[in-house]
Amino acid sequence: MRSFERANLILGLGAVGMAVLVACVWVPADVTTGMIEKVRRQITIGDALAPTLAAGFIGFGGLIVAVFERPENARRISARNLQFLAIFLIIVAIGFAVMRWLGPAVAGLLTDQGYRALRDTAPWKYIGFLVGAAGIVAALIGLVEGRLTLRGILVGLAAAIGLIVVYDLPFEDLLLPPNGDV
């Protein structure tokens, strides 16, 4: 059977490869702290923990998909699959661009201070993340359903707010992406 007929195997191995690249190349190159930091007998979560765990989950999922691929369940990768992937990547890229540049743009329009001074204060630190993350989730739901709906937008907002509640509110020193780079 040709390799293009085994879409699940390709998908699984691609996910494993991506997870290895994230955990072994991107995280060490981009993050200066380890997964767990010990400073003066105080143990804290390091910046590398979340992306490394995410890479581990992606790799584990890809491994499961690749291992349990059966030739009788083989499917071909079609042009429609590649079109869906391209639209998916465009949605994510636009969402990341909104996350990166909306906060600084709004702060530049509405304040005299630079965004860097405001990046860890509400509402400035939430603007780009909230709109970008909610937009990504809502647009992906719309892509799958074939139309953008109010329910999809509300789910996107709820997901973004949930991420803010879980990752930003409990930690004093954590900056939501991409505020650490601005």
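Scope of the values below: all heavy atoms of this structure, side chains included, with no hydrogens, waters or symmetry mates.
- Val137 and Ile164 fall into different hydrophobic clusters, where Ile, Leu, Val, Met, Phe, Trp and Tyr side chains are chained together by heavy-atom contacts under 4.5 Å.
- No more than 12 heavy atoms of other residues, nucleotides or ligands lie within 6.0 Å of CZ in Phe88, so this atom counts as exposed by the packing criterion.
- Between atom CG of residue Leu53 and atom CD1 of residue Ile58 there is a gap of 11.0 Å, rounded to the nearest 0.5 Å.
- Under the 4.5 Å side-chain heavy-atom criterion for ILVMFWY residues, a single connected hydrophobic cluster contains both Ile153 and Met99.
- What you find for Thr111 and Leu118 is that their closest heavy atoms are OG1-CD1, 3.7 Å.
- The cluster map of Ile, Leu, Val, Met, Phe, Trp and Tyr, joined by side-chain heavy atoms under 4.5 Å apart, puts Leu130 and Phe96 in the same cluster.
- The nearest pair of heavy atoms linking Leu9 to Ala66 is CD1-O, 3.8 Å.
- For the pair Pro51 and Ala48, the tightest heavy-atom approach, listed with the atom from each and the gap, is CD-O, 3.5 Å.
- Atoms OG1 and CZ, from Thr52 and Phe57 in turn, are 12.0 Å apart once rounded to the nearest 0.5 Å.
- The minimum heavy-atom distance linking Ala107 with Trp124 is given by the pair CA-CZ3, 3.7 Å.
- Between Ala55 and Ala19, the shortest heavy-atom distance links the atoms O-CB, 3.1 Å.
- Evaluation of the side-chain hydrogen bond (donor to acceptor under 3.5 Å, both in side chains) test over residues 79-98, restricted to residues two or more places apart or in two chains, returns Ser78-Asn81.
- The minimum heavy-atom distance between Tyr115 and Lys125, with the atom names listed, is OH-CA, 4.1 Å.
- The same ILVMFWY cluster, assembled from side-chain heavy atoms under 4.5 Å apart, contains both Leu169 and Leu157.
- Shown here are the salt bridge (Lys or Arg N to Asp or Glu O under 4.0 Å) partners of Glu37, two or more places apart in sequence or in another chain: there are none.
- Atom CZ in Phe129 sits 9.0 Å away from atom CG in Asp168 (nearest 0.5 Å).
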*Assess whether side chain to side chain contact (heavy atoms under 4.5 Å, CB included) is satisfied between Leu143 and Phe84, documenting all intermediate values.*
CA-CA 8 Å; Leu143 176 63; Phe84 181 88; 3.4 Å; yes

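- Met18 and Val67 fall into different hydrophobic clusters, where Ile, Leu, Val, Met, Phe, Trp and Tyr residues are linked whenever their side-chain heavy atoms come under 4.5 Å apart, directly or through other members.
- For residues 128-150, every residue pair satisfying the salt bridge (Lys or Arg N to Asp or Glu O under 4.0 Å) rule, not counting sequence neighbours, is listed here: Glu145-Arg151.
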